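Below is one structure, written out as structure tokens, with a few remarks after it.
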Protein chains: 2
Amino acid sequence: MNAKNMAGHVIRQLHQMSTQVYASHMQAAGFDLTPVQFAAMDALSAQPGLDQATIAASIACDRATTGGVIDRLEQKGLVARVVNEKDRRARVVTLTDQGRDLFQQALPIVAGLQVDILQALSPDERSDFLRLAKKAVQGAQDGDALRT
Amino acid sequence: MNAKNMAGHVIRQLHQMSTQVYASHMQAAGFDLTPVQFAAMDALSAQPGLDQATIAASIACDRATTGGVIDRLEQKGLVARVVNEKDRRARVVTLTDQGRDLFQQALPIVAGLQVDILQALSPDERSDFLRLAKKAVQGAQDGDALRT
DNA sequence: GCATTTTAGTATCTATACTTACCAATTTTG
DNA sequence: CAAAATTGGTAAGTATAGATACTAAAATGC
């Protein structure tokens, strides 16, 4: 059994390829937004005022990583962070006007590049792959692989 | 179209899950070896004396990343690095005796945990998933997604 | 055979991503 | 209600992962 054929190795390469496609498309479209930064903005667009821990759960990162992501979004002026008066440990995060605008512009680009990530697969294969991938992720969260 | 259903996001989660499963199994078995470090050792086990650029191509990392990986393996005493006298730019990397031993011990653990990464899928689904994933990676390398 | 280009490796910078440890605030418990 | 446990966020440390820029060495072109 060669390491190159192991599931973990193939998944890692898939991930690298995916971020490459994302980066090249987004750079070509003039956006300075990483995949995780976009995911955080997507979560905030759907539910404004989430705290960082809830964002972390939504984008599947831990609290420390999410803190850094929000830091960078705040530095770019795309989100605002305010201490929650009801629970002074938590910070309420919202998109700024600029953040909302940028997200709306980026959304069609990000949605459009998804097909290019799996460009080598036919439409049928793509939907098969996505179904299996989602099932694998879902099953792991229900099971014991991702214990937070 | 929710970001959570996009291919890129699902693939990122797959990757996180995969590294989690790897880390927990390897830690339980008493190994201090990351997935990429293992992949590098696998490449060196199959072809001793590779230079770093060839290792980089083999494990699908760039030269800078691979340099760091080899640094850490060298610090642990698992690989040795010598300047190639034929081409003084290149460094010939080989597994040490200790590295070879450790790799042989780790190999069955790493091979065994691959099934747990896709634990939510049936055997048929697993092989379908791996076939599609490999095709997607392969197609991207032939195409224009991963241009080195 | 010398200039140009390419290649191998390193260094630096940024961005996930996780761990552990810590502080502060809130909840739970006895 | 006070002690204990939990939770939200940050900080420090380590490991990919890539971009860019740099040095040194080798290959190529003319």
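Residue numbers start from 1 in every chain, and the chains themselves are labelled A, B, ... in the order their sequence lines are given, proteins ahead of strands. Side-chain atoms are counted along with the backbone in the values below, which use heavy atoms only and exclude waters and symmetry mates. On a predicted model such as this, the values are computed, not experimentally measured, just so you know.
Along DNA chain C, the nucleotide closest to His15(A) and the one closest to Val92(B) are compared, and the more 5′ of them pairs with Val92(B). Heavy-atom distances to DNA chain D give each of Thr34(B) and Gly68(A) a nearest nucleotide, and the one nearer the 5′ end belongs to Gly68(A). Toward the 5' end of DNA chain D, the nearer of the two residues Val93(A) and Thr19(A), judged by each one's closest nucleotide, is Val93(A).
Here the side chain of Ala53(B) is nearest to one of dA8(C), dT16(C), dT19(C), namely dA8(C). Considering only side-chain atoms of Asp62(A), the nucleotide from dT19(C), dA15(C), dA17(D) that sits closest is dT19(C). Between dT26(C), dT16(C), dA17(D), one nucleotide has an atom nearer to the side chain of Cys61(B) than all others, and that is dA17(D). Comparing dT16(C), dA19(D), dT19(C) against the side chain of Gln20(A) picks out dA19(D) as the nearest. Closest to the side chain of Asp87(A), from the set dT16(D), dT19(C), dA25(C), is dA25(C). The nucleotide whose nearest atom lies closest to any side-chain atom of Thr65(B) is, among dA11(C), dA17(D), dG9(D), dA17(D).
Among the protein residues, Asp51(B) comes within range of the sugar-phosphate backbone only, with heavy atoms under 4.0 Å from sugar or phosphate atoms but none that close to a base. Here Arg12(A) lies in heavy-atom contact (under 4.0 Å) with sugar-phosphate atoms only.
What you find for Ala39(A) and His9(B) is that their closest heavy atoms are CB-CD2, 4.2 Å. Contact record, Phe31(A) with Ile109(A): CE1-CG1, 3.8 Å, taken as the closest heavy-atom pair. The two residues Met26(A) and Ala106(A) come nearest to each other via the heavy atoms CE-CB, 4.1 Å.
In summary, the aromatic rings of Phe103(B) and Phe38(B) are positioned with their centroids under 6.0 Å apart.
In the interface, the side chain of Arg89(A) is not paired with the base of dG9(D) through any donor and acceptor atom under 3.5 Å apart. Between the side chain of Arg91(A) and the base of dG9(D) there is no donor-acceptor pair of N/O atoms closer than 3.5 Å.
Rounded to an integer number of Å, the gap from Arg63(B) CZ to dA11(C) P is 14 Å. Taking atom CD on Gln37(A) and atom P on dT14(C), their separation rounds to 13 Å, with Å as the unit. The nearest whole Å value for the distance from the OH atom in Tyr22(A) to the C1' atom in dG18(D) is 15 Å. Rounding to whole angstrom units, CD1 of residue Ile70(A) and P of dA17(C) are separated by 13 Å. To the nearest angstrom, C1' of dT14(D) lies 8 Å from CZ of Arg72(B). Rounded to a whole Å, the CZ atom of Phe38(A) is 14 Å from the P atom of dT16(C). Rounded to an integer number of Å, the gap from Met26(A) CE to dA19(D) C1' is 18 Å. Counting to the nearest Å, the C1' atom of dT19(C) and the CD atom of Gln27(B) are 10 Å from each other.
In this structure, the side chain of Arg63(A) does not engage the main chain of Ala53(A) through any donor-acceptor pair within 3.5 Å.
A donor and an acceptor atom, one from each side chain of Lys76(A) and Gln37(A), are located under 3.5 Å apart.
Gln52(B) has a side-chain polar atom (N or O) that falls below the 4.0 Å cut-off from OP1 or OP2 of dT10(C).
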